[in-house]
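In what follows, every chain begins at residue 1, and chains take the letters A, B, ... in the order their sequences are listed. The structure presented is a predicted model; accordingly, all values stated were derived computationally and were not measured. The analysis underlying the following values was restricted to heavy atoms, covering all of them including side chains, and did not include hydrogens, waters or symmetry mates.
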Amino acid sequence: MRYWLMKSEPEAYGIDDLARDGVTAWWGVRNYQARNFMRDQMSVGDRGFFYHSNCAEPGIVGIVEVCKLAYPDTTQFDRKHKYFDPKSTPENPRWLNVDVKLVKKTRLVSLAELRRHKELAHMRVLAKGNRLSITPVDPAEWAFITKHLLGKGIK
DNA sequence: GCCAACGTTGGC
DNA sequence: GCCAACGTTGGC
């Protein structure tokens with residue numbers, strides 16, 4: 001059981017889209033390190049912070065749970081899709097995604113707020129120049145955020 | 001819109 | 001295998 005922080009641009013797919021859908025494939029990851037996290041380390045039941053990036057108010061906006069192990073990302077085979085990859089084949093797919101389901105929407109815990117807590121100083125999402133869309137979250141950091149910043153009712 | 005940081009590509 | 005050029009990310 002691990003913890004994660006998963007970025008999405010709200011304009012592409014935000015927390016309200018997930019609230020509507022309930023479950024979604026975490027499609028569109030085109031970075032090997034992030035893919036490998038999904039492929040090698042994510043298990044059903046892992047939890048993650050849903051993070052809005054590249055927007056007016058970047059920050060954590062929800063909690064999700066991995067509900068399906070990594071499998072080929074269908075968008076890589078769709079010629080018309082933004083994420084089409086001509087070098088990937090169904091026999092040897094390059095890109096994978098897990099499925100996640102919404103556990104709950106949370107209040108916005110902004111990037112600025114995360115930065116204010118020394119307990120979180122080592123979070124990868126706070127590191128300068130960080131671009132990785134999926135990053136592991138230390139259990140102690142997860143506990144701090146859920147307990148102190150998000151309050152009761154979240155394990 | 002700017003631009004620093006980073007990942008990928010491709011020539012050699 | 002090196003590394004410059006290029007494209008993308010993402011905060012501000």
Side-chain angles (χ1 to χ4, degrees), chain A residues 2-21 23-42 46-66 69-138 140-142 144-146 148-150:
Chain A
R2 291 183 163 94
Y3 299 103
W4 305 94
L5 183 142
M6 303 171 74
K7 294 182 190 171
S8 186
E9 302 190 8
E11 218 164 279
Y13 193 89
I15 191 68
D16 289 329
D17 295 301
L18 183 56
R20 178 195 64 219
D21 297 340
V23 179
T24 186
W26 203 259
W27 49 270
V29 171
R30 295 294 181 270
N31 168 284
Y32 291 105
Q33 210 179 334
R35 179 205 66 183
N36 293 348
F37 282 140
M38 289 196 283
R39 185 189 62 192
D40 303 332
Q41 297 194 33
M42 276 194 189
D46 281 10
R47 291 212 162 178
F49 292 124
F50 191 117
Y51 179 95
H52 278 173
S53 68
N54 197 19
C55 57
E57 293 188 297
I60 292 167
V61 291
I63 291 181
V64 298
E65 183 172 309
V66 175
L69 291 176
Y71 61 98
D73 178 339
T74 57
T75 63
Q76 71 196 303
F77 306 125
D78 178 356
R79 232 160 240 296
K80 283 180 247 135
H81 202 280
K82 176 187 174 188
Y83 287 113
F84 175 64
D85 183 346
K87 293 180 185 164
S88 187
T89 64
E91 296 72 34
N92 191 17
R94 180 180 290 196
W95 305 112
L96 306 173
N97 58 238
V98 295
D99 283 358
V100 302
K101 67 181 180 191
L102 183 66
V103 174
K104 68 181 297 182
K105 283 178 69 171
T106 66
R107 74 177 179 88
L108 170 73
V109 180
S110 71
L111 182 58
E113 182 176 354
L114 294 172
R115 286 194 199 287
R116 286 203 286 273
H117 298 283
K118 65 177 189 306
E119 293 87 347
L120 305 176
H122 294 110
M123 286 187 79
R124 299 238 349 229
V125 74
L126 303 185
K128 188 175 176 183
N130 166 69
R131 289 174 20 186
L132 199 52
S133 65
I134 297 176
T135 51
V137 171
D138 191 273
E141 293 163 346
W142 181 273
F144 182 86
I145 293 169
T146 53
H148 292 106
L149 305 186
L150 295 174

**Fill in**
5'-most contact on DNA chain B (nearest-nucleotide basis), A:Y32 vs A:N54, goes to A:N54

**Fill in**
A:L114 CG to C:dG10 C1', in whole Å, measures 15 Å

**Prompt:** Can you check whether A:Q76's main-chain N or O pairs, donor with acceptor, with A:D85's side chain at less than 3.5 Å?
**Reply:** no

**Message:** Could you tell me how far apart A:N130 (CG) and C:dG11 (P) are, to the nearest whole angstrom?
**Reply:** 9 Å

**Message:** Measure CD/A:E9 against P/C:dG11 and give the value in whole Å, please.
**Reply:** 9 Å

**Below 4.0 Å: OP1/OP2 of C:dT9 and any side-chain N or O of A:K7** = no

**Prompt:** So, A:R30 side chain and A:Y83 main chain: donor-acceptor pair closer than 3.5 Å or not?
**Reply:** yes

**Flag, side chain of A:K105 to backbone of A:V61, donor-acceptor distance under 3.5 Å** = no

**Request:** For A:D99 and A:Y71, test the side chains for any donor-to-acceptor distance below 3.5 angstrom and give the result as yes or no.
**Result:** yes

**Prompt:** Phosphate oxygens OP1/OP2 of C:dG11: is one of them under 4.0 Å from a side-chain N or O of A:Y51?
**Reply:** yes

**Between B:dC3 (P) and A:K128 (NZ): distance, integer Å** = 15 Å

**Prompt:** What is the distance, rounded to the nearest whole Å, between atom CG of A:L111 and atom P of C:dT9?
**Reply:** 18 Å

**Fill in**
Side-chain contact check for A:N31: nearest option of C:dC12, B:dG7, B:dA5 is B:dG7

**Separation of B:dG7 C1' from A:R124 CZ (nearest whole Å)** = 13 Å

**Asked** Could you give the CZ-to-C1' distance, from A:R30 to C:dT8, as a whole number of Å?
**Response** 14 Å

**Request:** Let me know the distance between CE of A:M123 and P of C:dG10, rounded to the nearest Å.
**Result:** 14 Å

